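Quick caveat: nothing in here was measured; it's all calculated off a predicted structure. Whatever order the structure lists them in is the order used to number ligands and atoms, beginning at 1.
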Amino acid sequence: MSNKTNYRFSFGPWNISEGADPFGPTTRKAYDHESKFALYRPMGFEGIQFHDDDVVPNLAEVNVTQALVKASEVKKALDNQGLVAEFVAPRLWFAGQTIDGGYTSNSANDRKYALDRTLQAVDIARSVGTKAIVFWLAREGTYIREAKDVKLAYQRLLEVVNRVLDYDKEIEIWIEPKPNEPTDLAFVPTTGHAISLAYASDDHKRVKTVIESAHAILANLDPGDEMAFALAHDKLGSVHLNDQNGLKYDQDKSFGSVNLRAAFNQVLVLEDNDYGRRGEFVGLDVKAMRTQSGFPVVKHLSNTRQIFLDLVEKARSYDRKRVAAYREARDYEGLELYTVQHLLGTKSTA
Ligand code: 3MF
Ligand code: MG
């Protein structure tokens, strides 16, 4: 029997969306941004993942002081509802200054915009009550490889990491790797890249990763193995659980909905390594199907949480002694049948 962590769950407001995709408009009415906060506790969630402009929606139009006042107000609203901010991520993929990326843009002005906005995101994070900022390096990459000097780009990324660590001595940076989309070739495509950036930094203990299942699958890697690798370095800041049907666009499907066994193995890695005992969240990053109607549409979130908890039960009842015996005998065929039947809830007579 492994640990009995009571998992805490989080998701970002963008996970309640209107169904637009690159080929068609919205299919659902927008649900008021701040009203979303009231949906969290009743569904069993207590953490909110934020982009900087999810905290301060009109970020580009307000001055620095106004932004922090707004962030403190949001903090109070969260306190009142028993919620906490898990992290704040600077949204460096929307503004005109980030068309060619931020930290790795070929334009010095754009790079300055990205750094300034990131330092502001740190202040917003502290005001809303979290010490974690997430770098999802959306447009840090290229559409054609000749467009940027890649070695220089990695040096620029490291410089930004060090600037942020120096700017706030308590802040943690969690890098969320992704191999492609929106760019063709992304810098920091995998957990290994993120962790080597961490070790190259001035204070590696404050540089960790967020591992999103779908992002690992898009890199043709196993999400559970990526999580285990980060845990082996004590660098799993958070997870973004979801699922992905092969090497396509980023699908953000409900956790376990495509590959139940890979989902089980992710839960097993988290369970067996006491993930969550220091307050780490089980974060979700799931999108409802465009076909789904309702107001608000949240089943994909509650379903994913339930599937995770069901898999925790499966992980806790997985007979570790039996597993050890199969390993000892090197009977992996036997281990496979036991594992699959454990998931199916069936029992073989063989
Ligand atoms: C993109 C993502 C993002 C990040 C988010 C926080 C829209 O594939 O997964 O979600 O998770 O920006 O870093
Ligand atoms: Mg994500």
Gln266 versus Ser213, side-chain donor and acceptor atoms under 3.5 Å: yes
For atom OH of Tyr167, decide whether the heavy atoms of other residues, nucleotides or ligands shown that lie under 6.0 angstrom number more than 12. yes
Numbering as shown, the atoms of ligand 1 that approach His51 to under 4.0 Å (heavy-atom distance): 5 (C), 6 (C), 12 (O)
What verdict does the side-chain hydrogen bond (donor to acceptor under 3.5 Å, both in side chains) test give for Glu18 and Thr26, after you've listed the backbone C-alpha separation in whole Å, the side-chain angles of each residue and the deciding distance to 0.1 Å? CA-CA 5 Å; Glu18 293 85 59; Thr26 59; over 6 Å; no
With only distance considered, is Trp136 within less than 3.5 Å of ligand 1 through an N or O on each side? no
Is any N, O or S atom of His215 under 2.8 Å away from the Mg ion (ligand 2)? no
Answer yes if the ring centres of Phe87 and Phe50 are under 6.0 angstrom apart, and no otherwise. no
Glu176: which N/O/S atom is nearest the Mg ion (ligand 2)? OE2
Under 4.0 Å from one or more heavy atoms of Val134, ligand 1 contributes atoms 13 (O)
Quick one: nearest non-hydrogen protein atom to atom 10 (O) of ligand 1, plus distance? Asp285 OD2, 3.2 Å
Pick one of side chain, backbone, both or neither for how Glu181 approaches ligand 1, counting any non-hydrogen atom pair under 4.0 Å. neither
Tell me which N, O or S atom from His240 is the closest to the Mg ion (ligand 2). ND1
Counting only heavy atoms not in Lys321, do more than 12 sit closer than 6.0 Å to its NZ atom? no
Determine which of the N, O or S atoms in Glu212 is closest to the Mg ion (ligand 2) and give its atom name. OE1
More than 12 heavy atoms of other residues, nucleotides or ligands under 6.0 Å from CE of Met289: yes or no? no
Over-ring placement of Arg305 relative to Phe308, 6.0 Å and 45° cut-offs: no
Common cluster, Ile173/Val134, ILVMFWY with side-chain heavy-atom separation under 4.5 Å: no
Checking heavy atoms under 4.0 Å, the part of Trp174 that sits near ligand 1 is neither
Which of the ligand 1 atoms, numbered from 1, are nearer than 4.0 Å to a heavy atom of Asp250: 8 (O)
Using heavy atoms and a threshold below 4.0 Å, how should the contact between His240 and ligand 1 be classified: side chain, backbone, both, or neither? side chain
For atom 7 (C) of ligand 1, which protein heavy atom lies nearest, and how many Å away is it? Trp14 NE1, 3.5 Å
The N/O/S atom of Asp285 lying closest to the Mg ion (ligand 2) is OD2
I'd like the name of whichever of Lys287, His215, Glu176 reaches closest to atom 11 (O) of ligand 1 through any heavy atom. Glu176
When the aromatic ring centroids of Tyr103 and Phe187 are compared, is their separation below 6.0 Å? no
Taking the six-membered ring for Trp, are His233 and Tyr199 ring centroids under 6.0 Å apart? yes
If the cut-off is 4.0 Å to any non-hydrogen atom of Trp93, which atoms of ligand 1 fall inside it? 12 (O)
